[in-house]
Amino acid sequence: MDQIEETHELNLEVRGMTCDSCAVHVERALRRVPGVREAAVPGWKSGRARVVAEGGINPSALLASVAEAGYTATVRGTGPAPNASLTEPRNHADDGVKPAQGRDGKHNGGGDFDLMVIGHGSAGFAAAIKGAELGARVALVGSGRIGGTCVNVGCVPSKTIIRAMEQVRQAGDRRFRGVQTMAGRIDWPEVIGHKDELVNDMRQKKYIDVLEAYPEITYLEGWARLTGLNGVEIAGKRYTPGKIVIATGASPWAPPLPGLAEVGYLDSTSALDLKELPRSMIVLGGNAVGLELAQVYARAGSQVTVAELLPRIAPFEDEDVSAALTEYLEQEGLRIVPGFETAKVTRRDGRFSVTGTKNGAEVVLEAEQILVATGRRPNTADMGLDEAGVRLGARGEVLVNEFLQTHNPFVYAAGDVTGRDMFVYVASYDGMLAVENALAGAARVYDTSDIPRVTFTDPQVASAGLTESQARERYLQVRVTSLPMSVVPRAQAARDTRGLVKLVADDATNRLLGIHILAPEAGEMIQAAVLAMRFGITLTQLHETMFPYLTNAEALKLAVLSFEKDVAKLSCCAG
Ligand SMILES: Cc1cc2nc3c(=O)[nH]c(=O)nc-3n(C[C@H](O)[C@H](O)[C@H](O)COP(=O)(O)OP(=O)(O)OC[C@H]3O[C@@H](n4cnc5c(N)ncnc54)[C@H](O)[C@@H]3O)c2cc1C
């Protein structure tokens, strides 16, 4: 076959691919050929590959390399390369950033690794493992404690302390009168010690040991910085991986309130490691993390005030749920101050003072400690992202398209660093999806429309889909029902009837649009409704399904029935 002088893009037909790994093998084989700048197979089922090559490349070399990998390729077309992107999902403009050079000064095609994942938290681990499963040479880069937020300073430590406080409450006065007397019985340093044990154990089993089980993943320790289109520098060494996934997570963020930075404050990380119990605490921020920690400290014996800027706590949950949760927390002795706009923070004689306004009137809050739980911001500073053509949003989040691809076609992003849906299961879903798209051209679209959310207060808030007001804005025929937990036999038997189950449905399709549960262990109750929403199960089908008696799961069926009848008048089971 003749040499091609001016052509930079070649389209190949590839036969013999039967799975995602095949696509990776073919891509790798093509990238190995000298002169290939990039190669992409848009999914094994496509039966094709696209190559961008420097002028003068001999197409026979491409075909031979594919054949060596065990597949058959034919050149179907050639032409000038349109832009740097070869990956099907990309829909951003070319930013004109040049690919990095290999260590030998020449571009090395696929680079040292097929995939480099930056960040060793949940998104990073999921991405690296998926890469290994697809047969790629993977590097996982981490700086800081392996495992990232969830295991070290997020889900695991917070939930074990919350559970400890729930057990204390259950052992104490069920009518909440005993909250203050419980304080004397809590050995706080022991609670923190047990938390540390669990964190260390889970970090070892779920991250360090897991990494050892994947010898195909190379672990690189150090801070990663991007250098050009697909170059990365770690601890003074340069790499040019085929694709990059940024999974660097997020960190606690505090608003620039006058005086706050000067006085010092707790964030969620330090609040989970406090060695001594404060007598009193102000929590700024009444969303999930703030509320969970506020209740922990209140149950441990601190006098806790929650100040929230928005008109209600749990501001993104259904209004009925927010209102009922406020009531339960107040019954436990927490002071809830919604609509509070902070003006300044000061500290004198070991006490914090937060001055603000509520309904136009000045309010001053005072306490021994202050916890700022006003959200988290993506970790994107000092990573060379701008220079690499990876664009950031107003909150520093990496901007991605629906395939999790950034404005740089070699770079994808996953998890909290994208600034949305900051849950660990979303991070891990992201990591896998980004890699399937980056390596196998799977063109999978990020879809979290039915994502369940749980706030681990007691009672818990578990929800998915639309709130009543969101549904009324978008749908014409919305039906709503709210079932008090007091009519659920399991709650009666457990003698804890706090909460409600609220369903929002579309009358036209007879399907659920949203579910909002406030109940002890509501997180264990939500999943049946999530499945119903995801797979279009109708209210009639839910009605016809058996739910076991004397379980909280039965509350869903009772709630469905409550659209039509007075559930309090049923004799026994949800029938
Ligand atoms: C108090 C709290 C409670 C939570 N509870 C829950 C819960 O109950 N359920 C739930 O689903 N979610 C919960 N979350 C959220 C959940 O923890 C996060 O959504 C999830 O851990 C994010 O994972 P990630 O992989 O995106 O980021 P991370 O886990 O933060 O991992 C990113 C890693 O990258 C490293 N890194 C950063 N920059 C670089 C660099 N340049 N080079 C190398 N390494 C770098 C970081 O040090 C970090 O280790 C909670 C969060 C908090 C704070």
Side-chain angles (χ1 to χ4, degrees), residues 116-128 139-163 195 199 202-203 206-207 219-226 232-235 239 244-253 266-273 283 285 287-294 296 371-385 388 390 396-398 404 413-432 434 448 451-457 460-462 523:
M116 179 170 282
V117 179
I118 304 174
H120 53 0
S122 312
F125 262 75
L140 177 65
V141 190
S143 168
R145 262 202 291 181
I146 193 166
T149 301
C150 184
V151 71
N152 292 306
V153 294
C155 336
V156 174
S158 62
K159 266 78 247 182
T160 191
I161 296 178
I162 289 168
R163 178 55 99 208
K195 178 264 299 180
V199 165
M202 285 187 73
R203 185 174 49 240
K206 294 286 172 192
Y207 294 89
Y219 182 62
L220 302 172
E221 193 148 353
W223 185 260
R225 280 192 107 259
L226 267 62
V232 183
E233 187 177 310
I234 304 153
Y239 301 85
I244 297 165
V245 173
I246 299 175
T248 50
S251 299
W253 174 83
L266 297 174
D267 60 19
S268 65
T269 302
S270 46
L272 286 168
D273 217 16
V283 178
N287 206 347
V289 170
L291 292 176
E292 289 177 4
L293 290 172
V296 158
L371 161 62
V372 179
T374 45
R376 296 170 65 76
R377 289 281 161 97
N379 298 325
T380 48
D382 197 24
M383 284 189 63
L385 297 180
V390 174
E397 73 276 19
V398 173
L404 299 179
D416 283 7
V417 77
T418 64
R420 55 193 190 185
D421 302 322
M422 290 193 185
F423 298 105
V424 69
Y425 41 96
V426 177
S428 127
Y429 161 82
D430 273 13
M432 290 189 269
T448 51
I451 167 179
R453 312 173 286 270
V454 179
T455 299
F456 289 78
T457 45
Q460 290 176 2
V461 179

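Position 1 is the first residue of the sequence, and the numbers go up from there. Counting starts at 1 for both ligands and their atoms, following the listed order.
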For ligand 1, find each of its N or O atoms that sits under 3.5 Å from a protein N or O atom, and tabulate the pairs with distances to one decimal place.
{"unit_1": "ligand 1", "atom_1": "5 (N)", "unit_2": "K159", "atom_2": "NZ", "d": "3.0"}
{"unit_1": "ligand 1", "atom_1": "8 (O)", "unit_2": "K159", "atom_2": "NZ", "d": "2.9"}
{"unit_1": "ligand 1", "atom_1": "11 (O)", "unit_2": "V424", "atom_2": "N", "d": "2.8"}
{"unit_1": "ligand 1", "atom_1": "12 (N)", "unit_2": "V424", "atom_2": "N", "d": "3.3"}
{"unit_1": "ligand 1", "atom_1": "19 (O)", "unit_2": "D416", "atom_2": "OD1", "d": "2.9"}
{"unit_1": "ligand 1", "atom_1": "19 (O)", "unit_2": "D416", "atom_2": "OD2", "d": "3.2"}
{"unit_1": "ligand 1", "atom_1": "19 (O)", "unit_2": "F423", "atom_2": "N", "d": "3.4"}
{"unit_1": "ligand 1", "atom_1": "21 (O)", "unit_2": "C150", "atom_2": "N", "d": "3.3"}
{"unit_1": "ligand 1", "atom_1": "25 (O)", "unit_2": "S122", "atom_2": "N", "d": "3.1"}
{"unit_1": "ligand 1", "atom_1": "25 (O)", "unit_2": "A123", "atom_2": "N", "d": "2.8"}
{"unit_1": "ligand 1", "atom_1": "26 (O)", "unit_2": "D416", "atom_2": "N", "d": "2.9"}
{"unit_1": "ligand 1", "atom_1": "29 (O)", "unit_2": "T149", "atom_2": "N", "d": "2.8"}
{"unit_1": "ligand 1", "atom_1": "30 (O)", "unit_2": "T149", "atom_2": "OG1", "d": "2.6"}
{"unit_1": "ligand 1", "atom_1": "41 (N)", "unit_2": "A224", "atom_2": "O", "d": "3.2"}
{"unit_1": "ligand 1", "atom_1": "42 (N)", "unit_2": "A224", "atom_2": "N", "d": "3.0"}
{"unit_1": "ligand 1", "atom_1": "44 (N)", "unit_2": "S143", "atom_2": "N", "d": "3.1"}
{"unit_1": "ligand 1", "atom_1": "47 (O)", "unit_2": "S143", "atom_2": "O", "d": "2.7"}
{"unit_1": "ligand 1", "atom_1": "49 (O)", "unit_2": "H120", "atom_2": "ND1", "d": "3.1"}

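Taking the side chain as every heavy atom from C-beta outward, Y429 and I451 never approach each other to under 4.5 Å. For the pair I162 and V296, the minimum side-chain heavy-atom distance is below 4.5 Å.
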Contacts under 3.5 angstrom, residues 415-424 side chains, donor-acceptor by atom type, not counting sequence neighbours:
{"unit_1": "T418", "atom_1": "OG1", "unit_2": "G415", "atom_2": "O", "d": "2.8"}
{"unit_1": "D421", "atom_1": "OD2", "unit_2": "Y446", "atom_2": "OH", "d": "2.7"}
{"unit_1": "D421", "atom_1": "OD2", "unit_2": "T448", "atom_2": "OG1", "d": "3.1"}

Throw together a table of side-chain donor-acceptor distances under 3.5 angstrom for residues 374-381, partners on residues two or more places apart or in other chains.
{"unit_1": "T374", "atom_1": "OG1", "unit_2": "W253", "atom_2": "O", "d": "2.9"}
{"unit_1": "R376", "atom_1": "NH2", "unit_2": "T149", "atom_2": "OG1", "d": "3.3"}
{"unit_1": "R376", "atom_1": "NH2", "unit_2": "A250", "atom_2": "O", "d": "2.6"}
{"unit_1": "N379", "atom_1": "OD1", "unit_2": "S251", "atom_2": "OG", "d": "2.6"}
{"unit_1": "N379", "atom_1": "ND2", "unit_2": "T248", "atom_2": "O", "d": "2.7"}
{"unit_1": "T380", "atom_1": "OG1", "unit_2": "G396", "atom_2": "O", "d": "2.6"}

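The minimum heavy-atom distance linking L272 with G154 is given by the pair CD1-O, 4.4 Å.
With sequence neighbours left out, the side chain to side chain contact (heavy atoms under 4.5 Å, CB included) criterion links V156 to V151, L198, V199, M202.
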